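Reviewing the structure listed below.
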2 protein chains.
Amino acid sequence: MSDTQTLAEKVCSELATAIVRGEIRPGERLSEKALVDRYGGSRAPMREAIQKLEARNLVVRIPHAGARVVSLSLEELRDIYEVRLELESMACRLAATRMSDDEIKDLEGLLEEHARSIEADQGLSYYQKSGNLDFHYRIIEGSKNNRLKQMLCGDLYHIIRMYRYQTSTNKQRPRQALKEHQRIVEAIAARDAELAELLMRRHIQVSLTNLESLLAQQEYLS
Amino acid sequence: MSDTQTLAEKVCSELATAIVRGEIRPGERLSEKALVDRYGGSRAPMREAIQKLEARNLVVRIPHAGARVVSLSLEELRDIYEVRLELESMACRLAATRMSDDEIKDLEGLLEEHARSIEADQGLSYYQKSGNLDFHYRIIEGSKNNRLKQMLCGDLYHIIRMYRYQTSTNKQRPRQALKEHQRIVEAIAARDAELAELLMRRHIQVSLTNLESLLAQQEYLS
DNA sequence: ATACAGAGTATTGTATACAATCTTAGTCGT
DNA sequence: ACGACTAAGATTGTATACAATACTCTGTAT
């Protein structure tokens, strides 16, 4: 069971990271021939890779006209954030009743690690990069709802990460974010689902609010 | 712009309805050759059709092993209902603030139609079939959130309709459901987002509660 | 009788070739 | 100068052929 991975899957995941990293820009075209030239193989696997990306909402395909990297308007981005806000709050509520004591212990340990990393003031970027995601990911895991997990991690997060430069709020408030994380975990440990949901909602709300103010500015211009 | 629809799309939508109607049963295999024999054409479009179905979560594909119609456990179904409950409640909350007065008027008209149809006691099945869906669809539309609409109508509803025999609750309570619909619309018309969300949540909750009791029974057996 | 191994078949993954559609550049007319 | 039409080129949709993998059935050994 070494490399049973299909070529289409490999190309798909490579393209996905390239898109998320911005190496391929929104609106840019993905021609099948160009992918053949770049990754080798034939058109069939490339086509399949593109379709997989379409399923992840990373590209838009128009019959006979080709595929383009998705290019979201601010309004579409607001829609996504709105849904994410709701689903992740829900996940937090469920996690408060469904996480095992051990999982909660682990989560507390993770936060302590983050705290140390911040105090050392050198893992700041670490905290930003994977730490924040890690925390949210564990909450989602804790919801014990696989469909929810699939929707949040599979569909929404790819796009959110792609446009993460919008979430400039989080950049210089790691301590504040950590505090909020801690209070969320406290609520979960207390099995207080309502409070946990509320705190998570507030925690994510800042990004959404920012986005909405951007939207408002944009409307002034038109 | 007559029949610019691609063969893969045609096969995909035909298969989708066949799956939702139960003509192709959960767990059944979808061989590419069989599809060629049934729908004509060659393997390439059939493959693409299957991939599209996978994107809709109607089939599961395993590399080198083929595709099967998705077969959900009760637990997976619970997950889906849980997410649907949350998202549709959210849609209702948003609709209360975002629907235009005209749209609300239309919605009230729709409910009056349903009422007549029920009193006549002949369109009972009509109410069940498209009427119920129509109501929920309009609320979702009213949320003005296209991503939310896509998730609910595109991904979740296909599967929910596929397993609708589970929602036996709704069968003999059209009057009750209509009442609930009316109160929801009243809340929307009053622009009371919180109440509208709460009422929708309760309205859908019965199905979820049923499912959970089924789950509980199942656990007794194991 | 059951479990395991292996060959053969069937099915999927990939490559290439052809047909249909769109895009683009250029020309013509107003 | 600008817009509509036309034709060449490029790209996608479809068909067919080959390669790689998985499934199945048979036979043997325990």
Side-chain angles (χ1 to χ4, degrees), chain A residues 1-19 23-71 154, chain B residues 1-19 23-73 154:
Chain A
M1 56 157 284
S2 56
D3 190 13
T4 179
Q5 194 182 23
T6 200
L7 176 57
E9 287 173 332
K10 261 174 57 180
V11 173
C12 171
S13 57
E14 288 212 29
L15 278 176
T17 65
I19 291 174
E23 292 163 22
I24 310 178
R25 294 197 300 185
E28 195 168 327
R29 186 161 176 175
L30 288 182
S31 125
E32 296 172 4
K33 184 178 174 301
L35 293 183
V36 169
D37 294 343
R38 178 166 176 181
Y39 293 100
S42 87
R43 271 183 56 212
M46 303 304 133
R47 246 180 112 70
E48 188 158 338
I50 291 178
Q51 274 193 274
K52 284 180 186 299
L53 292 174
E54 189 189 22
R56 291 198 207 176
N57 290 307
L58 283 178
V59 314
V60 176
R61 239 163 53 110
I62 297 174
H64 300 108
R68 293 183 175 282
V69 175
V70 69
S71 172
Chain B
M1 55 160 284
S2 56
D3 190 12
T4 181
Q5 194 182 22
T6 200
L7 175 57
E9 287 173 330
K10 260 173 58 180
V11 172
C12 171
S13 57
E14 287 210 30
L15 278 177
T17 65
I19 291 174
E23 292 163 20
I24 310 177
R25 294 197 300 185
E28 194 167 330
R29 187 161 174 178
L30 287 182
S31 123
E32 297 172 2
K33 184 178 173 301
L35 293 183
V36 169
D37 294 343
R38 178 166 176 181
Y39 293 101
S42 87
R43 271 183 56 211
M46 304 302 132
R47 241 178 117 70
E48 188 157 339
I50 290 177
Q51 274 192 273
K52 284 180 187 296
L53 292 174
E54 188 190 21
R56 291 198 206 177
N57 290 309
L58 283 178
V59 314
V60 176
R61 239 163 54 110
I62 298 173
H64 300 108
R68 295 184 175 282
V69 175
V70 69
S71 172
L72 297 176
S73 67

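Here the structure is a predicted model, which means the values were calculated and not measured. All chains are named by letter (A, B, ...) in the order of the sequence lines, taking the proteins before the strands, and each is independently numbered beginning at 1.
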Would you say A:Arg47 reaches D:dG13's phosphate, i.e. side-chain N/O to OP1/OP2 under 4.0 Å?
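Yes.
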Looking at D:dT12, I'd like to know if its phosphate oxygens (OP1 or OP2) sit under 4.0 Å from a side-chain N or O belonging to B:Thr6.
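Answer is no, no contact under 4.0 Å.
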Does anything in residues 49-60 of chain A reach DNA chain C, meaning a heavy atom under 4.0 Å, and if so which residues?
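None - not one residue of the stretch has a heavy atom sitting under 4.0 Å from the strand.
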Minimum heavy-atom separation for [X] and [Y], please, with both atom names.
{"X": "A:Ala49", "Y": "A:Val11", "value": "CB-CG1, 3.8 Å"}
{"X": "A:Val69", "Y": "A:Arg25", "value": "CB-O, 3.6 Å"}
{"X": "A:Val59", "Y": "A:Ile50", "value": "CG2-O, 3.8 Å"}
{"X": "A:Leu7", "Y": "A:Gly41", "value": "CD2-CA, 4.1 Å"}
{"X": "B:Gly27", "Y": "B:Ser71", "value": "N-CB, 3.9 Å"}
{"X": "A:Val70", "Y": "A:Pro26", "value": "O-CB, 3.5 Å"}

Begin with the C-alpha distance, continue with both residues' side-chain angles, and end with the deciding distance and a verdict on side chain to side chain contact (heavy atoms under 4.5 Å, CB included) for B:Leu35 and B:Arg43.
CA-CA 8 Å; B:Leu35 293 183; B:Arg43 271 183 56 211; over 6 Å; no
Mind checking side chain to side chain contact (heavy atoms under 4.5 Å, CB included) for B:Arg29 and listing every partner two or more places apart, or none if nothing turns up?
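Partners of B:Arg29 under the side chain to side chain contact (heavy atoms under 4.5 Å, CB included) test: B:Arg68.
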Could you work out, with side chain to side chain contact (heavy atoms under 4.5 Å, CB included) as the rule, every residue matching A:Ser13, not counting sequence neighbours?
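A:Ser13 satisfies side chain to side chain contact (heavy atoms under 4.5 Å, CB included) with no residue once adjacent residues are dropped.
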Atom pairs under 3.5 Å: protein N/O with N/O of nucleotides 15-17 of chain C:
from   : atom 1 : to      : atom 2 : distance (Å)
C:dA15 : OP2    : A:Ser42 : N      : 2.5
C:dA15 : OP2    : A:Ser42 : OG     : 3.2

Terminal axis angle for the helix from C:dA1-D:dT30 to C:dT30-D:dA1, five pairs an end, nearest 10 degrees
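The end axes of the helix from C:dA1-D:dT30 to C:dT30-D:dA1 are about 30° apart, to the nearest 10°.
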Test side chain to side chain contact (heavy atoms under 4.5 Å, CB included) applied to B:Cys12 and B:Leu53, step by step
CA-CA 6 Å; B:Cys12 171; B:Leu53 292 174; 3.9 Å; yes
Could you measure the distance from the NZ atom of B:Lys52 to the OG1 atom of B:Thr6? Nearest 0.5 Å is fine.
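Here the rounded value is 7.5 Å.
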B:Gln51 side, atom CD; A:Arg47 side, atom CZ - distance, nearest 0.5 Å:
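So the gap between those two atoms works out to 9.5 Å.
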Toward the 5' end of DNA chain C, by each residue's nearest nucleotide, A:Pro63 or A:Ala8
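Counting from the 5' end, the first nearest nucleotide belongs to A:Ala8.
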Quick one: [X] [atom1] to [N] [atom2], roughly how many Å, whole number?
{"X": "B:Arg61", "N": "C:dT11", "atom1": "CZ", "atom2": "C1'", "value": "13 Å"}
{"X": "B:Glu9", "N": "D:dG13", "atom1": "CD", "atom2": "P", "value": "9 Å"}
{"X": "A:Tyr39", "N": "C:dT14", "atom1": "OH", "atom2": "P", "value": "15 Å"}
{"X": "A:Leu30", "N": "D:dT12", "atom1": "CG", "atom2": "C1'", "value": "14 Å"}

Can you name the atoms? Protein N/O to nucleotides 6-11 of chain D N/O, anything below 3.5 Å, with the distance.
from   : atom 1 : to      : atom 2 : distance (Å)
D:dT11 : O3'    : A:Arg29 : NH2    : 3.3

Stepwise side chain to side chain contact (heavy atoms under 4.5 Å, CB included) test for B:Lys33 and B:Asp37:
CA-CA 6 Å; B:Lys33 184 178 173 301; B:Asp37 294 343; 3.3 Å; yes
